Visitor: 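Pasting a structure here, questions to come.
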Amino acid sequence: MDTLTEVLDSLRASGSLIGQDVLTAPWSVCVEAGPTITLVAMLRGDGWVLHDDADPVHLGTRDLAVLTGQGSALLASDREGGGHPICALTAEGVRDDASGQLLEQERLGHGEAGGTSPLVAEHALLAGSFRTSGRIAERLVGALPPVLVVPRAQQSARTLDLLESELDRQEPGQQAVLDRLLDILLIGALRDWFALPQAAAPAWYGAAGDPVVGPALRALHADPSRAWTVEALARRARVSRATFARRFTEAMGEPPISYLAGWRLCLAADLLQERDDTLESIARQVGYSNAYALSAAFTREYGVRPSRYRSQARHGTEQPVAS
């Protein structure tokens, strides 16, 4: 298992898809900053992504954009902002901009009575939000710019076609199908963006395909609690110990055992946040001999004891960032 798989396996769209079916210009939709990744596509017409920390980005028909929650943004019909927002996408759900109340509808229409299919609308916006949480997810969000765009011509899959078709069907179980398709659309968008010449893919993404480093990374992620050594990893890579250590450090920017230690602490942090397991149990799950050893390493890395980290993570208070 690679880092991208680990991260994406914890992200799921659940009732988060909205189809802005018939948008009449000028229009705009707020995207609030927060622990979310938001996927956007113009099914029909074009629009703009206006972000606090990025230049305005034009979206043509069927271009995909991914917003990583690093600052707020506005999806709009024009570069000037598209008038008063009709709603806001937040970590909690879709809010009506006028009342501030969360909307229960899974799809929001803004056209004539009776609705118009997004397949024939002049402007049709699709947006879906994925809540992010934990140190593993930070590895993905931290490796991405605030806004990334995959032009229609650079998309390798036909998932958007399937989403369009499903939006027009109105059959039982539709939301479940849309959510799963949205998962696949996000994965495809990230893959396609990482493949673009101008994209700065993180070291762990490129290294996954390296014939020497890749097998070792997959072994570490598949069994992080194992007492790995450089020699054992080199055997997985079928090269000498010296060759493996050099190749891994060049590709990942740190030695293999250092990477393993950091990954174990990421796993421990997320287990503390998500489960009620004892610290002793978590220590053994991620490869530490006992709770004391994990606590010491965890405190050095994150500047807070595991028990305090768990409390902060579960109550939404600010967590310290490792230096």
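As a basis for the values below, the full set of heavy atoms in this structure was taken, side chains included, without hydrogen atoms, waters or symmetry mates. Keep in mind it's a predicted model, so treat the numbers as computed, not measured.
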Visitor: Using the six-membered ring of Y302, assess whether NZ or CZ of R135 lies under 6.0 Å from its centre and within 45 degrees of the ring axis.
Guide: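 Yes, a cation-pi geometry.
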
Visitor: Calculate, to the nearest 0.5 Å, the distance between atoms OG and NE2 belonging to S72 and H51 respectively.
Guide: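 S72 atom OG to H51 atom NE2 measures 6.5 Å (nearest 0.5 Å).
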
Visitor: Can you check whether A313's main-chain N or O pairs, donor with acceptor, with Q273's side chain at less than 3.5 Å?
Guide: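 Side chain of Q273 to backbone of A313, a donor-acceptor pair under 3.5 Å: no, none is there.
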
Visitor: Indicate yes or no for a side-chain donor-acceptor contact from D63 to the backbone of G60 under 3.5 Å, with no hydrogens or angles considered.
Guide: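 Pair found, side chain donor or acceptor close to backbone of G60.
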
Visitor: Assess whether a salt bridge exists between D192 and R152, defined as any Lys/Arg side-chain N lying under 4.0 Å from an Asp/Glu carboxylate O.
Guide: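 R152 and D192: not salt-bridged.
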
Visitor: I want to check something: taking the side chain as every heavy atom from C-beta on, are L272 and P306 in contact at a cut-off of under 4.5 Å?
Guide: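 With C-beta onward as the side chain, the pair touches.
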
Visitor: Less than 4.0 Å between a side-chain N and a carboxylate O, is that true for R247 and E250?
Guide: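 No, no charged N to carboxylate O under 4.0 Å.
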
Visitor: Using a strict cut-off of less than 4.0 Å between a Lys/Arg side-chain nitrogen and an Asp/Glu carboxylate oxygen, indicate whether E164 and R44 qualify as a salt bridge.
Guide: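 Yes, E164 and R44 are salt-bridged.
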
Visitor: Suppose the criterion is ring-ring contact (aromatic ring centres under 6.0 Å, His included): which pairs have a residue in residues 270-296, not counting sequence neighbours?
Guide: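 Found none.
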
Visitor: Check whether any side-chain N or O of W228 sits under 3.5 Å from a backbone N or O of D223 as a donor-acceptor pair, and report yes or no.
Guide: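 Yes.
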
Visitor: With a 3.5 Å distance limit and no angle check, can you tell me whether D270 reaches the backbone of I136 through a side-chain donor-acceptor pair?
Guide: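 It does hold such a pair.
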
Visitor: Determine whether more than 12 heavy atoms belonging to other residues, nucleotides or ligands lie under 6.0 Å from atom CZ of R62.
Guide: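 Enclosed.
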
Visitor: Would Q285 and D277 count as a side-chain hydrogen bond (donor to acceptor under 3.5 Å, both in side chains) here? Give the steps.
Guide: CA-CA 10 Å; Q285 290 177 61; D277 299 16; 2.9 Å; yes

Visitor: With respect to T68, which candidate in V147, T36, L144, T38 satisfies the side chain to side chain contact (heavy atoms under 4.5 Å, CB included) definition?
Guide: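 Only one option passes, and that is L144.
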
Visitor: Would you say CG of D55 has more than 12 non-hydrogen atoms from neighbouring residues, nucleotides or ligands within 6.0 angstrom?
Guide: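 Incorrect, the count does not exceed 12.
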
Visitor: Atom OG in S311, atom CZ in R305: separation rounded to 0.5 Å?
Guide: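 If we round to the nearest 0.5 Å, S311:OG and R305:CZ are 12.5 Å apart.
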
Visitor: For T299 and S295, indicate whether the former's side chain and the latter's backbone hold a donor-acceptor pair under 3.5 Å.
Guide: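 Looks like yes, one N/O pair under 3.5 Å.
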
Visitor: May I ask you to decide if L186's main-chain N or O and D183's side chain share a donor-acceptor pair within less than 3.5 Å?
Guide: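 Here the side-chain-to-backbone pair does not exist.
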
Visitor: So do P151 and W193 actually touch side chain to side chain, heavy atoms under 4.5 Å?
Guide: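 A side-chain contact under 4.5 Å is absent here.
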
Visitor: Sequence neighbours left out, what passes ring-ring contact (aromatic ring centres under 6.0 Å, His included) with W48? Give chain and number order.
Guide: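 W48 satisfies ring-ring contact (aromatic ring centres under 6.0 Å, His included) with H58 once adjacent residues are dropped.
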
Visitor: Go through R191 and Q155 one step at a time and tell me if the side-chain hydrogen bond (donor to acceptor under 3.5 Å, both in side chains) criterion holds.
Guide: CA-CA 9 Å; R191 280 178 167 178; Q155 296 166 28; over 6 Å; no

Visitor: Which value, rounded to the nearest 0.5 Å, describes the distance between T159 atom OG1 and L64 atom CG?
Guide: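 Nearest 0.5 Å value for the OG1-CG distance: 9.0 Å.
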
Visitor: Run the side chain to side chain contact (heavy atoms under 4.5 Å, CB included) test against T61 and tell me which residues pass, sequence neighbours left out.
Guide: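 Per chain and number, T61 pairs via side chain to side chain contact (heavy atoms under 4.5 Å, CB included) with no residue.
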
Visitor: Checking S129 side chain against I37 main chain: does a donor-acceptor pair fall under 3.5 Å?
Guide: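 No; judged by distance alone, with no hydrogens or angles, the pair does not exist.
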
Visitor: Do L178 and L43 sit in one hydrophobic cluster, given that two such residues count as connected whenever their side-chain heavy atoms are within less than 4.5 Å of each other, even indirectly?
Guide: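 Same cluster.
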
Visitor: Rounded to the nearest 0.5 Å, what separates atom CD1 in I257 from atom CG in L233?
Guide: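 The CG atom of L233 is 6.0 Å from CD1 of I257, to the nearest 0.5 Å.
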
Visitor: Just say parallel, tilted or perpendicular for the rings of F248 and Y259, cut-offs at 30° and 60°.
Guide: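 Plane angle over 60°, so perpendicular.
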
Visitor: Measure the NE2-CG distance between H221 and L260 for me, rounded to the nearest 0.5 Å.
Guide: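 Answer for the NE2-CG pair, H221 versus L260, is 9.0 Å.
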
Visitor: To the nearest 0.5 Å, how far apart are CG in L67 and CG in L75?
Guide: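 L67 atom CG to L75 atom CG measures 6.5 Å (nearest 0.5 Å).
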
Visitor: Between L163 and I184, is there a shared hydrophobic cluster once you connect ILVMFWY residues whose side-chain heavy atoms come closer than 4.5 Å?
Guide: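 The answer is no; the residues belong to distinct hydrophobic clusters.
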
Visitor: Would you call R180 and E166 a salt bridge, taking side-chain N to carboxylate O under 4.0 Å as the test?
Guide: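 Looking at E166 together with R180, the answer is no, because their closest N to O distance does not fall below 4.0 Å.
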
